[in-house]
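Per chain, numbering begins at 1; letters A, B, ... match sequence-line order.
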Amino acid sequence: MNTKVEQVVKAILAAPDEIGDVAREANEFYFRFRGHVFSIQKRHGLPRIATAGEFPEEDPGRYSFYVYPSWDGSPEGLAYTESRTDQDVESISYGADYCDQRLLNRLHKEAMSRCFNVDAVFDDILGNTAS
Amino acid sequence: MQAIWDSRRDIVLVVGLISNILTILLSLLALWGLIAKRKQISFAFHMLVASHLDRRMSRVREALTRLDSLSYDEKTQRVEIRNLVAHLCGALSAVSEESEKLAQLVDELHEYHLGTKSLTEKHKRYLLSKLHGILDEIDHDARLRILGRQNL
């Protein structure tokens, strides 16, 4: 596949320490990376199947990666705006047609572990073991 | 001339008397109908109320079917989902006195509609199935009430 989107996702995964300001809203994690705001969403339900005569939609897959080119606020503010208001935020979503789902799965896990500060738990355990 | 005038006045009096008697008889008949056929009248009234409730419920179920076909995971569908939730809040508020469970659910829907709680696909599905269950109960109760009236 190796699309531009996939290259961006790989770049984020290559520098996970630069993922910051992670905010969670249900099954979606919003974060900032090198000054830009993105989000990674995991779907719990299966995507809707187009009925006969209906133009088939693109396959969103289990994970979708969102880019917000015009959002200049915080990821937390974006999470609130998208989930609780009718404000239309400019965003582009990339699903299975654009990016390897395994990469997006890794990104989702990375954003989740940043949000839950899992590193601190690991460091604590490894630090205790070392001493 | 005077004799003709007198006979005309008598005719008017007689016609007036007959019409008054007829009015009294018909009023008595109507009263008897109301008392003797009160169960049938009450049943007809309940049928009217039930058909009104049925129409409202079918509109609510249409909205639920549409809501079921949408996914909150799709951001482009979120505005329509919120609009449908607002529509349901309004439509169900009017019938929320039918069931305490429904009144509680309408309060919950209000929170999602006003944005004090954030909706998810999982919550949406939970609300939908709960709402279907409550509406089935209301339908069932309404039918039992009608059957009860019919058997009186």
Residue selection (most heavy-atom pairs with chain B, distance under 4.5 Å) from S91(A), S64(A), A26(A), S83(A): S83(A)
Which bit of E28(A) comes within less than 4.5 Å of chain B, counting heavy atoms only: side chain, backbone, both or neither? side chain
Using side-chain contact (heavy atoms from CB on, under 4.5 Å) as the criterion, list what pairs up with K42(A), not counting sequence neighbours. R62(A), Y63(A), H108(A)
Measure distances from N27(A) to the heavy atoms of chain B and classify the residue's part below 4.5 Å as side chain, backbone, both or neither. side chain
Using 30° and 60° as the class boundaries, would you call the ring planes of F65(A) and Y94(A) parallel, tilted or perpendicular? tilted
List the residues meeting side-chain contact (heavy atoms from CB on, under 4.5 Å) with L128(B), not counting sequence neighbours, and say none if there are none. L64(B), L67(B), D68(B), K124(B)
Are any side-chain N or O atoms of R78(B) and backbone N or O atoms of Y72(B), one a donor and one an acceptor, separated by less than 3.5 Å? yes
Name the region of T76(B), side chain, backbone, both or neither, that has any atom closer than 4.5 Å to a heavy atom of chain A. neither
Contact part of S118(B) toward chain A, heavy-atom cut-off under 4.5 Å: side chain, backbone, both or neither? both
Are side-chain N/O atoms of Y80(A) and E25(A) paired as donor and acceptor at under 3.5 Å? no
